[in-house]
K.L.:
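Input: one structure, supplied below.
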Amino acid sequence: MANHVKKGSWTADEDSLLSHYVTLHGEGHWNSVAHSTGLKRTGKSCRLRWLNYLRPNVRRGNITLQEQLVILQLHSRWGNRWSKIARFLPERTDNEIKNYWRTRVQKQAKQLKCDVNSKRFRDTMRLVWIPRLVERIAATSGQSLPACTETSTSTPTISESTWDDNSVNADTSGWGDGFEAGWWEEDGVESSFESLWTEENIRFLQQQLFD
DNA sequence: AAGATACGCAACCGCTGCGGA
DNA sequence: CTCCGCAGCGGTTGCGTATCT
């Protein structure tokens with residue numbers, strides 16, 4: 001029945017109502033939220049708003065090197081299983097990880113003129129980018145690096161059983177100087193993919209991919 | 001300065017799986 | 001066993017903002 005379901009951006013009042021409800025009753029039973037609070041939103045919408053925005057400890061923006069590493073690692077193994085990947089980054093939502101992948105990684109794959117889901121791109125990610133990222137993080141943090149650094153006591157870790165060793169041990173010798181300079185250069189917390197994508201590196205990667 | 005274009009993110013949509021009746 | 005409703009997931013869209021021309 002037409003119950004004037006509201007769509008679009010949430011207002012502060014709606015956020016407040018939803019937060020209050022979940023604080024009192026806990027997560028779940030999303031369809032009853034609308035009835036109880038008077039919100040003109042679907043249960044789905046309430047759930048999404050809570051999980052992606054209102055939930056405590058949700059962090060947005062500034063994907064760190066460590067987080068990038070986890071995302072790249074897990075995506076190379078599981079593909080677009082965003083919620084599964086998000087379990088390893090408890091402060092990040094599956095939606096944000098998905099957006100990060102689409103806006104950053106896919107864009108760069110396009111620059112390389114290959115499909116982001118192609119084996120070639122995945123192999124490049126797994127055999128070259130990730131090991132290099134590991135090196136960068138180790139270098140900047142001055143410590144040996146577990147695959148997942150965002151873990152807490154209640155957070156799953158990437159165990160050996162869930163992770164291919166060969167991705168980390170991949171032989172990257174012979175990948176030339178193009179990767180030595182500028183790879184994952186830090187620019188404060190904002191550092192990220194972008195520095196990777198110099199013209200030189202893109203040309204080099206294209207060569208490697210299509211030779 | 002203004003319009004066009006690109007980008008990033010929040011939110012919606014459709015599908016699937018699961019559990020209860 | 002089947003049906004139904006709900007929660008969750010992944011893909012997609014739309015809008016606000018930033019950048020370019």
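Proteins get letters first, then strands, A, B, ... in listed order; numbering begins at 1 in each. Atoms considered below: every heavy atom in the structure, side chains included; atoms not considered: hydrogens, waters and symmetry mates.
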K.L.:
Val105(A), Leu89(A): one ILVMFWY side-chain cluster at the under-4.5 Å cut-off?
P.N.:
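Per the 4.5 Å side-chain linkage, Val105(A) and Leu89(A) are co-clustered.
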K.L.:
Base, sugar-phosphate, or nothing for Lys44(A), non-hydrogen atoms under 4.0 angstrom?
P.N.:
base
K.L.:
Phosphate oxygens OP1/OP2 of dG11(C): is one of them under 4.0 Å from a side-chain N or O of Asn80(A)?
P.N.:
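Looking at the OP1 and OP2 atoms of dG11(C), one of them is under 4.0 Å from a side-chain N or O of Asn80(A).
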K.L.:
Would Lys98(A) and Asn80(A) count as a side chain to side chain contact (heavy atoms under 4.5 Å, CB included) here? Give the steps.
P.N.:
CA-CA 8 Å; Lys98(A) 179 171 58 181; Asn80(A) 298 356; over 6 Å; no
K.L.:
Closest nucleotide of DNA chain B for Thr103(A) versus for Arg41(A): which of these residues is on the 5' side?
P.N.:
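The residue mapped nearer the 5' terminus is Thr103(A).
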K.L.:
Please determine if Arg41(A) forms a cation-pi arrangement with Trp30(A), meaning its NZ or CZ atom is less than 6.0 Å from the six-membered ring centre and no more than 45° off the ring axis.
P.N.:
no
K.L.:
Atom CD of Glu14(A) and atom P of dA10(B): how far apart are they, to the nearest Å?
P.N.:
16 Å
K.L.:
Establish, with yes or no, whether the OP1 or OP2 oxygen of dC9(C) is under 4.0 angstrom from a side-chain nitrogen or oxygen of Ser83(A).
P.N.:
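Indeed, a polar side-chain atom of Ser83(A) lies that close.
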K.L.:
Can you tell me if Arg60(A) touches the phosphate of dA10(B), counting only side-chain N or O atoms and a distance under 4.0 Å to OP1 or OP2?
P.N.:
yes
K.L.:
Nearest to the Arg102(A) side chain among dT12(C), dG8(C), dA10(B), which nucleotide is it?
P.N.:
dT12(C)
K.L.:
Which whole-number value in Å describes the distance from Leu48(A) CG to dG11(C) P?
P.N.:
15 Å
K.L.:
Between Gln106(A) (CD) and dC9(B) (C1'), how many Å, whole number?
P.N.:
15 Å
K.L.:
Within less than 4.0 Å of OP1 or OP2 of dG8(C), is there a side-chain N or O belonging to Trp82(A)?
P.N.:
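No, because none of the side-chain N or O atoms of Trp82(A) sits under 4.0 Å from OP1 or OP2 of dG8(C).
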K.L.:
Rounded to whole Å, how long is the line connecting atom OH of Tyr100(A) with atom C1' of dC7(B)?
P.N.:
15 Å
K.L.:
How many Å lie between CZ on Arg92(A) and C1' on dA10(B), as a whole number?
P.N.:
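Going from Arg92(A) (CZ) to dA10(B) (C1'), I get 15 Å.
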K.L.:
Just call it for Asn95(A): base, sugar-phosphate, or nothing, with non-hydrogen atoms closer than 4.0 Å on any strand.
P.N.:
base
K.L.:
Hey, is the side chain of Lys7(A) poking within less than 4.0 Å of OP1 or OP2 on dC13(B), counting only N and O atoms?
P.N.:
yes
K.L.:
State which of dC12(B), dC15(B), dG11(C) makes the closest approach to the side chain of Ser45(A).
P.N.:
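The closest nucleotide is dC12(B).
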K.L.:
Are OP1 or OP2 of dC6(C) and a side-chain N or O of Asn31(A) less than 4.0 angstrom apart?
P.N.:
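For dC6(C), OP1/OP2 do have a side-chain N/O of Asn31(A) under 4.0 Å.
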K.L.:
Please report, rounded to the nearest Å, how far the P atom of dA11(B) is from the CG atom of Leu18(A).
P.N.:
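Distance check: Leu18(A) CG to dA11(B) P gives 11 Å.
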K.L.:
Contact class for Gly43(A) vs. all strands (heavy atom < 4.0 Å): base, sugar-phosphate, or nothing?
P.N.:
nothing
K.L.:
So, does Arg49(A) get its side chain near the phosphate of dA10(B), meaning an N or O under 4.0 Å from OP1 or OP2?
P.N.:
no
K.L.:
State whether Arg47(A) places a side-chain N or O below 4.0 Å from either non-bridging phosphate oxygen (OP1 or OP2) of dC12(B).
P.N.:
no
K.L.:
From C-beta outward on His29(A), which listed nucleotide comes closest to its side chain: dG8(C), dA10(B), dA7(C)?
P.N.:
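Per side-chain heavy atoms of His29(A), the pick is dA7(C).
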K.L.:
Can you measure Ile63(A) atom CD1 to dC7(B) atom P for me and round it to whole angstrom units?
P.N.:
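My rounded result for the distance is 18 Å.
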K.L.:
Whether Arg81(A) contacts dG8(C) is assessed here as follows: a side-chain N or O lying under 4.0 Å from the phosphate OP1 or OP2. Is that the case?
P.N.:
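It does not, given that no N or O in the side chain of Arg81(A) lies less than 4.0 Å from OP1 or OP2 of dG8(C).
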K.L.:
So which nucleotide from dC12(B), dG11(C), dG8(B) ends up closest to the side chain of Arg104(A)?
P.N.:
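Nearest to the side chain of Arg104(A) among the choices is dG8(B).
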K.L.:
Round to the nearest Å and state the distance from Trp50(A) atom CH2 to dG8(C) atom P.
P.N.:
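Interatomic distance, CH2 of Trp50(A) to P of dG8(C): 13 Å.
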K.L.:
Between Leu74(A) and Ile63(A), is there shared hydrophobic-cluster membership here, with clusters defined by ILVMFWY side-chain heavy atoms closer than 4.5 Å?
P.N.:
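The answer is yes; both residues are in one hydrophobic cluster.
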K.L.:
Do the non-hydrogen side-chain atoms of Tyr21(A) and Ser16(A) ever get within less than 4.5 Å of each other?
P.N.:
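When only atoms from C-beta onward are counted, Ser16(A) and Tyr21(A) do not touch, as no gap falls below 4.5 Å.
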K.L.:
Does OP1 or OP2 of dG8(C) have a side-chain N or O of Trp30(A) closer than 4.0 Å?
P.N.:
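Checking Trp30(A) against dG8(C): at least one side-chain N or O falls below 4.0 Å of OP1 or OP2.
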K.L.:
Check whether Val134(A) and Leu65(A) end up in the same hydrophobic cluster, where Ile, Leu, Val, Met, Phe, Trp and Tyr are linked by side-chain heavy atoms less than 4.5 Å apart.
P.N.:
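Shared cluster, yes.
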